[in-house]
J.: 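Sharing a structure, written as C-alpha cells. Questions coming.
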Amino acid sequence: MPAYRVCATFLPDGDQHRDLWVRDRRITFEPIDDAEDLVPRGRFVIPGLVDCHVHLTLDFAQSGLPPGSPELVDANLRGHLATGTFILRDMGAVSDATQRLSDEGRPRVHYAGRLLAPPGRYFGVQRDTPSEELVEVATREAKSGARWVKIIADFDESGDLLNGTPNYPQETLAAAVKAAQAEGARVAVHAVSPAGIEAGLAAGVDSIEHGTGISKRQLEEMAARQIVWTPTLVIAPGAAAMSREMGGERAERAVLNGFENARQMVPVAARLGVTILAGTDMCPPGSIWREVVALQASGLEPALALAAASTTARAFLGEPALAEGAPADLVLYERDPRNDPEFLTQPSLIMFRGQLIAT
Ligand SMILES: [Zn+2]
C-alpha cells in the first residue's frame, strides 16, 4: 500500500502548512522518505466533516426509496461520504436498518434508536410511547446498543413551535433520561419551546436539539453542565413551511421568529462556552456546509463554525481528528473554506480510512 505525504494548513484553526503522512491507512507525523506527495491536490485539510443531526431512515433527498429500508440508509450514507462527511449522529430512526448495516466503506454512525414521542405528538414518524412506557422503552433502546436515545420533548399541533408544551411529565422524562444513561447511552431531546428546553435541562439530558426558543439563562446552565446544543439553523425555511401548513401564517411567523432568536443566541452560546454542533436534520445528505454557512452568518467565528462540523463534533463523539495513529480521514481543499464555507462543496481530494475516493 503506498504511503502519502500531505502538506497543508490544518483546519479549522491552523494558520500555516504542516506535514502529515499516511501509512497503512493511518495518520503519522513520523516522516516517510518515499511517500507519494498529495500536496498539489489541496492546501487546506480537515479530518472529514461531521453531521450531528441526521435521520438516515428518512428520505430527504427524495430518492423514492422506502422510508426505513436498508437501501435508503445506504443511499443516504453514500451521499454523505461523497461530500467528505465521514461521521454522522443519527437523531432518531423509523426502523433499525442503520444498526444492521456494517460501516465497512460507509461513514460511521452514532445512532439513536427510534424517535420516542407520545401517540400523535410527532408527525407520525415517532414510536408511539405513552408516558407510562417511556422509562421502559428508553431503557430497552439503550440496552439494544444505541449510543443515543432520542426523545421528542415538546410538540404543538397548531404548528406554533415556541408555544409547544412538554410531551411528558417532568418526573417521567427525568427517570427515562437517568435509566438510559445508566445503560451507557446519552440522551438527546428535540426541544423547541422554552418549556420543552427547560424540561430537557431539568431532566439532565446530554444534548438539546434545535433549541429554537433558547434563552441566555438556559445557555448558562448548559455551559455549566456541559450540555451541548445543535441549533439546526439550516432547517428554518423547511420548518416554517411545515408550520404554515399546520397552523397558517401565524404559526409560520412564530417559527421564523424562533429561528431569529436561535441565530442571536449562537454567538452568546459560544461566548459562554457551550459546545455547538452542526446538524442538518431534514436536509438531503451532504448539506452540512449549509449549516456552517448559517452558523457563520449568525456571528460564529469562521473557525468555530467549521469546528462545529468537524473537530468539535469529533471530540464530542470521541472520534479522533488529525492525530498520530488515527484512521486517515482527510478532506483537502484548494481554497480556505473558513473564508467561504461554500468551498466545502468542492473538495480537491477525499481520503476515507486511507483510501482515495473520487471527487
Ligand atoms: Zn431531527
Side-chain angles (χ1 to χ4, degrees), residues 50-62 67-68 72-73 76-77 79-80 85 87-98 107 109-118 121-129 138 141 146-156 159 161-162 164 167 185-193 196-197 199-200 205-214 227-243 245-246 255 258-259 262 276-288 290-291 294-295 308-309 313 316-317:
V50 182
D51 191 330
C52 274
H53 190 127
V54 298
H55 297 283
L56 293 165
T57 55
L58 296 174
D59 187 18
F60 297 118
Q62 297 184 319
L72 175 61
V73 174
N76 283 334
L77 287 169
H80 285 291
T85 311
I87 296 175
L88 304 162
R89 190 174 59 135
D90 189 287
M91 284 282 80
V94 299
S95 76
D96 63 357
T98 308
V109 184
H110 292 244
Y111 58 83
R114 308 294 174 91
L115 291 149
L116 306 183
R121 298 282 292 185
Y122 201 60
F123 302 113
V125 292
Q126 75 278 3
R127 182 199 186 284
D128 283 341
T129 312
E141 293 279 11
R147 295 193 203 201
W148 286 85
V149 170
K150 173 74 179 292
I151 300 173
I152 308 298
D154 62 7
F155 190 68
D156 180 79
L161 295 173
L162 284 192
N167 269 345
R186 293 200 266 186
V187 180
V189 283
H190 162 111
V192 180
S193 66
I197 297 164
V205 301
D206 299 280
S207 86
I208 297 287
E209 304 301 304
H210 316 301
T212 319
I214 210 156
I227 298 169
V228 305
W229 181 26
T230 318
T232 63
L233 300 175
V234 71
I235 65 166
M242 277 165 79
S243 283
E245 235 168 75
M246 289 165 75
V255 168
F259 277 98
I276 298 170
L277 301 174
T280 61
D281 197 17
M282 54 172 151
C283 300
S287 300
I288 192 62
R290 290 179 191 273
E291 182 67 2
L295 289 170
F316 175 68
L317 295 172

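In each ligand, atom 1 is the first atom listed, and ligand 1 is the first ligand listed.
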J.: Using a 4.5 Å cut-off on heavy atoms from C-beta on, say whether the side chain of Asp51 contacts that of His80.
T.: yes
J.: Within 2.8 Å of the Zn ion (ligand 1), is there any N, O or S atom belonging to His55?
T.: yes
J.: Under 4.0 Å between a side-chain nitrogen and a carboxylate oxygen: does that hold for Arg89 and Glu209?
T.: yes
J.: Just checking: His190, one of its N/O/S atoms, less than 2.8 Å away from the Zn ion (ligand 1), yes or no?
T.: no
J.: Quick check: of its N, O or S atoms, which one does Asp281 have closest to the Zn ion (ligand 1)?
T.: OD1
J.: Given His55, which of Asp90, Asn76, Asp281, Thr280 fulfils the side-chain hydrogen bond (donor to acceptor under 3.5 Å, both in side chains) condition?
T.: Asp281
J.: Does any non-hydrogen side-chain atom of Glu141 lie less than 4.5 Å from one of Leu116?
T.: yes
